[in-house]
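Below, all heavy atoms of this structure are taken into account, side chains as well, without hydrogens, waters or symmetry copies. Quantities reported herein were computed from a predicted structural model and do not represent experimental measurements.
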Amino acid sequence: MTEHSRSPRQPRKPGGRAGGPPGSKSGGKPGGKGAGRPVAGKNAKAAGRGSGAKNGPRFAGTTRPSQPTKLPERRATPEVDVHDPDGVRLQKLLAAAGVGSRRVCENLIAAGRVQVDGQVVTELGVRIDARAQTVHVDGVRINLDEDRVYLAFNKPKGVVTTMHDELGRISLEDYVGNREERLFHVGRLDADTEGLLLLTNDGDLAHRLQHPSYGVLKTYVATIRGPVAGDVGRRLREGVELDDGPVKVDSFRIVDHQPGKAMVEVVLHEGRKHVVRRMLDAVGHPVVELVRTEVGPIRLADLKVGRLRRLNKAEIGALYKAAGL
């Protein structure tokens, strides 16, 4: 009598459920209770020995709960006393620098948004020395020294970049020679180049803005002989060899082109003498006209040729940031 023809009253044969091998409790019924579950511990070893299987489930590591890793103790940054009893109240200096009204400046200090010499100041009674200490608001440096001057000048063609010319040529002295402050020009523009020139009596800032190691970008627009070959930009970005060493631009693009000439924009942080003219000449495109339009975050914009203007507090702060001050 087969399994299918057995009477419901007839007892099962020894060996467990139908279809299972002798000694099996779960039988061969797919999806049965316990089917497909890994067996751990002693039962797993016993099952492996009984069936002859060598690839039983493995459990790596320990079952003990992991202990939290103890972080190294960090030493608290020592607070620096920036208060100068002989100084001026911080909120008064900020208000005088144009940051906002006295009340606004007090709120900025109370909110922890003001730093003096890198130290966050939240007390309203702090006094500081505006000439000796540096102040940042929301990470932007604020010029508190009223004796410091920051000017943008649109240098005309034919003016030499010096405060006094022994040959009697037109120089910067003719434009700013009557000022009381001793001004430095940030970098140079040759006599045949016009455009943006920064003037200041802040020597540290002037040095950083013109030194190549600080990476402050200068933008020039040049009119060159054309047409411009398609590989000129790649060659300039990869670098060209000049008589005083290799040099490469940070950016190059064609602004406009006309029959026989083109207008291009060159951006670089180099400050060598006549470097833009020599680079373009090295790739076969001599410069006809050259204008510097930007120094870091400061733009020439609509400043007329031969005119000066004072930089505003936002521009001064942007210059400090570009120079890493």
Side-chain angles (χ1 to χ4, degrees), residues 80-154 172 175-176 178-187 196-210 214 216-219 293-304 306-325:
V80 179
D81 185 7
V82 297
H83 178 71
D84 184 349
D86 299 325
V88 181
R89 288 187 181 274
L90 180 56
Q91 60 265 38
K92 181 179 179 179
L93 289 172
L94 291 175
V99 175
S101 66
R102 186 80 64 90
R103 178 60 61 85
V104 169
C105 295
E106 290 175 351
N107 292 337
L108 290 173
I109 295 172
R113 296 167 59 183
V114 179
Q115 289 182 322
V116 178
D117 293 341
Q119 184 75 34
V120 176
V121 175
T122 57
E123 298 180 10
L124 299 181
V126 172
R127 295 174 178 268
I128 66 168
D129 184 348
R131 296 187 177 184
Q133 295 175 277
T134 59
V135 176
H136 291 75
V137 176
D138 292 334
V140 177
R141 182 167 170 175
I142 307 298
N143 175 42
L144 302 179
D145 189 351
E146 296 180 355
D147 292 335
R148 288 184 177 179
V149 177
Y150 305 87
L151 302 172
F153 175 53
N154 189 347
L172 298 178
Y175 293 89
V176 295
N178 60 343
R179 300 186 67 94
E180 296 180 359
E181 310 89 0
R182 181 190 177 190
L183 299 176
F184 306 95
H185 47 82
V186 179
L196 181 60
L197 188 67
L198 299 183
L199 303 169
T200 181
N201 58 353
D202 188 337
D204 190 18
L205 177 64
H207 168 72
R208 286 174 174 252
L209 289 175
Q210 61 187 327
Y214 293 97
V216 179
L217 300 177
K218 289 86 175 175
T219 302
T293 59
E294 298 178 31
V295 175
I298 310 303
R299 296 182 178 182
L300 185 62
D302 56 355
L303 182 63
K304 294 182 179 180
R307 300 297 296 272
L308 289 154
R309 73 171 178 88
R310 281 182 174 269
L311 301 184
N312 58 44
K313 63 180 181 63
E315 290 176 317
I316 297 172
L319 276 178
Y320 278 126
K321 186 176 181 179
L325 290 172

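Note: Leu196 CG to Arg299 CZ = 11.5 Å, rounded to the nearest 0.5 Å. For the atom pair Thr293 OG1 and Asn154 CG, the distance stands at 10.5 Å (nearest 0.5 Å). Taking CD from Gln210 and NE2 from His185, the interatomic distance works out to 8.0 Å, rounded to the nearest 0.5 Å. The CG atom of Leu319 lies 11.0 Å from the CG atom of Asn143; values are rounded to the nearest 0.5 Å. Between the CG atom of Leu108 and the OG1 atom of Thr122 there is a distance of 13.0 Å, given to the nearest 0.5 Å. With rounding to the nearest 0.5 Å, the separation of CG in Leu124 from CG in Asn107 is 8.5 Å.
A pairwise comparison of heavy atoms in Leu303 and Ala152 identifies CD2-O, 3.7 Å as the closest pair. Listed here is the closest heavy atom pair of Val186 and Leu197: O-CD1, 3.8 Å. The shortest heavy-atom contact between Lys92 and Val88 is CD-CG1, 3.8 Å. Considering every non-hydrogen atom in both Ala206 and Thr200, the closest pair reads CB-CG2, 4.0 Å. Across all non-hydrogen atoms, the minimal contact from Ala95 to Cys105 is N-SG, 3.5 Å.
Using a 4.5 Å heavy-atom threshold, the side chains of Tyr320 and Asp202 count as touching. Looking only at side-chain heavy atoms (C-beta outward), Val135 and Leu93 stay at 4.5 Å or farther from each other. Contact annotation: the side chain of Tyr150 approaches that of Leu205 to within less than 4.5 Å [non-hydrogen atoms, C-beta and beyond]. In this structure, the side chains of Leu199 and Tyr175 stay at 4.5 Å or more apart for every pair of heavy atoms. A 4.5 Å side-chain heavy-atom check between Lys321 and Arg141 finds every atom pair outside the cut-off. Val104 is not listed as a side-chain neighbour of Gln91, based on a closest heavy-atom distance of 4.5 Å or more. No side-chain heavy atom of Asn201 sits under 4.5 Å from any side-chain heavy atom of Arg179. Between Leu144 and Leu94, some side-chain heavy-atom pair lies under the 4.5 Å cut-off.
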Would you tabulate the side-chain donor-acceptor contacts of residues 127-134 under 3.5 Å, counting partners in other chains and residues two or more places apart, or write 'none'?
unit_1	atom_1	unit_2	atom_2	d
Arg127	NH1	Gly87	O	3.3
Asp129	OD1	Arg131	N	3.1
Arg131	NH2	Asp147	OD2	2.4
Gln133	OE1	Asp129	N	2.7
Gln133	NE2	Val82	O	3.0
Gln133	NE2	Asp117	OD2	3.3
Thr134	OG1	Asp117	OD1	3.4

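Using modelled atom types, no side-chain atom of Gln119 and backbone atom of Val116 make a donor-acceptor pair closer than 3.5 Å.
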